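Structure, as structure tokens:
For clarity, every value in this text was computed on a predicted model and none was experimentally measured.
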Amino acid sequence: MTEPQFAAAVDHEHLDVSEWDDVYVVGDVHGCRADLERLLRKLEVTDDDLVAFVGDLVRKGPDSKGVLDLVRESANMVTVRGNNEEKLLRGSKSLAALTDEDLEWIADQPVALSWEDTLVVHGGVDPRKSLADHDVDDLQNFRSLSSGYERPFWWEVYEGPDRVFFGHTPLAAPVVREHAVGLDTGCVYGNELTAYDWRNDEFVTVCPEETVQSRKESKWVRPQQTTIAAD
């Protein structure tokens, strides 16, 4: 597959996954380190496996610093910047536990990751325009072709060519489509933390130890025509 082409302002990292045994993509962690550690144990992740995150490692949950440290200190873990990381960089939100060094590390993370026919971004892509016409806000925040939580969502009409893995939108269950996989299953809101086993095409989940924040029913998206593989 041809490497995706982005605008110059969009930090993008293209990976060679042939160097890794297993490859996992993990949904929004939001500071839930204990749940992430349980998920990694369930996956039996080793140093020879790659773990890619769809962003929003931080905010809302109890241990954003712990999640950030875990990913920073693991040579086999990579992440994109989510909109919650971007809020910290732009100063609209803050976390007292994070140091200037933490924020510098966040700023160094890409907005998009890719390998083979796979693209990882936080929010999504707008199928009405080319990747080169997307800016950082698009890739971190895009959800609906209309507005807010109104259908159609971008993944319901997107036809590739890349298969896009994304977070950002709290889902009652993963989005599973030919060209889109949604992984934010609302761990911080008491639902699940979800990983996708890229080589074996299956989902692995853990239930959180606690519900940190409540979420209105109207803010949960229930994917249409979703099939979940057994873990």
> Any idea how Trp155 and Phe153 line up, ring-wise: parallel (<30°), tilted (30 to 60°), or perpendicular (>60°)?
Replying inline: parallel
Do the side chains of Leu50 and Val78 get nearer than 4.5 Å, heavy atoms only? yes
Query - Any donor-acceptor pair under 3.5 Å from Arg59 side chain to Ser64 backbone - result: no
The side-chain contact (heavy atoms from CB on, under 4.5 Å) partners of Glu217 (sequence neighbours excluded) come to Trp220, Arg222
Side-chain touch Leu131/Leu119, heavy atoms, less than 4.5 angstrom
yes
### Task
Indicate yes or no: at least one non-hydrogen side-chain atom of Asp162 is less than 4.5 angstrom from one of Pro4.
yes
Note: Glu209 and Ala34 closest approach over all heavy atoms is OE1-CB, 3.7 Å
side-chain contact (heavy atoms from CB on, under 4.5 Å) with Val121: of Val164, Val80, Val10, only one passes, and it is Val164
CZ (Arg81) and CD1 (Ile106) are apart, to the nearest 0.5 Å, by 9.5 Å
*If you draw a 6.0 Å radius around CG in Asp100, do more than 12 non-hydrogen atoms from other residues or ligands fall strictly inside?*
no
Residues passing the ring-ring contact (aromatic ring centres under 6.0 Å, His included) test with His122, sequence neighbours excluded, are His168
Sorted by chain and number, sequence neighbours left out, ring-ring contact (aromatic ring centres under 6.0 Å, His included) with Trp20 holds for none
Would you check if there is a donor-acceptor pair between the side chains of Asp47 and Asn76 at a distance under 3.5 Å? no
Handout entry: Min side-chain heavy-atom separation Thr169-Asp184 under 4.5 Å
Key = no
Notebook entry, point to check: If you group Ile, Leu, Val, Met, Phe, Trp and Tyr by side-chain heavy-atom gaps below 4.5 Å, do Val26 and Val212 land in one group?
Noted result: no
Exercise for review: Ignoring hydrogens and angles, tell me if any N or O in the side chain of Arg163 forms a donor-acceptor pair with the backbone of Arg177 under 3.5 Å.
Suggested key: yes
Those residues at least two apart in sequence (or on a different chain) that pass ring-ring contact (aromatic ring centres under 6.0 Å, His included) with Tyr196 are Phe165, Phe203
Using modelled atom types only, decide if a donor and an acceptor are shared between the side chain of Arg38 and the backbone of Cys207 within a distance under 3.5 Å. yes
Hits for ring-ring contact (aromatic ring centres under 6.0 Å, His included) against Phe6, two or more places apart or cross-chain, chain-then-number order -> His12
When every non-hydrogen atom of Leu15 is compared with those of Leu113, the smallest separation belongs to CD1-CD2, 4.3 Å
Any side-chain heavy-atom pair of Glu116 and Trp198 under 4.5 Å
yes
dist Cys187:SG -> Asp56:CG (nearest 0.5 Å) comes out at 12.5 Å
* To do: Group every Ile, Leu, Val, Met, Phe, Trp and Tyr by side-chain heavy-atom contacts under 4.5 Å, then state whether Tyr158 and Val111 land in the same group.
  => yes
Residues Ala180 and Phe166: closest non-hydrogen pair is CB-CE2, 4.2 Å
*Flag side-chain contact, heavy atom, 4.5 Å: Lys93 against Val58*: no
TODO: Taking the side chain as every heavy atom from C-beta outward, state whether Val176 and Pro223 have any pair of such atoms under 4.5 Å apart.
DONE: no
On a heavy-atom basis, the closest approach of His134 and Ala7 is O-CB, 3.9 Å
Just checking Glu73: does its CD atom have more than 12 heavy atoms from other residues, nucleotides or ligands closer to it than 6.0 angstrom? yes
Note: Asn191 and Ala172 closest approach over all heavy atoms is ND2-O, 3.3 Å
The single option from Val29, Leu57, Val206 that satisfies side-chain contact (heavy atoms from CB on, under 4.5 Å) with Leu36 is Val29
Is it the case that over 12 heavy atoms from other parts of the model lie below 6.0 angstrom from the CG atom of Asp108?
yes
- Query: Got a salt bridge between Asp102 and Arg72, using NZ or NE/NH1/NH2 to carboxylate O under 4.0 Å?
  - Reply: yes
query: Do Asn84 and Glu86 touch side chain to side chain, with heavy atoms closer than 4.5 Å?
result: no
Shortest non-hydrogen pair, Ala173 vs Thr185, comes out as C-CG2, 4.0 Å
Output for pair (Asp48 CG, Asp22 CG), nearest 0.5 Å, gives 9.5 Å
Residues 134-153 vs salt bridge (charged side-chain N to carboxylate O under 4.0 Å, His left out), sequence neighbours excluded, gives Arg90-Asp137, Lys129-Asp138, Arg151-Glu156
Fill in: Cluster check Met77, Val204: I/L/V/M/F/W/Y, side chain < 4.5 angstrom
yes
Between Gln213 (side chain) and Thr211 (backbone), is there a donor-acceptor pair under 3.5 Å? no
Asp126 side chain to Arg128 backbone, donor-acceptor under 3.5 Å: yes
**Prompt:** Would a hydrophobic clustering, with Ile, Leu, Val, Met, Phe, Trp and Tyr connected at side-chain separations under 4.5 Å, put Trp154 with Leu171?
**Reply:** yes
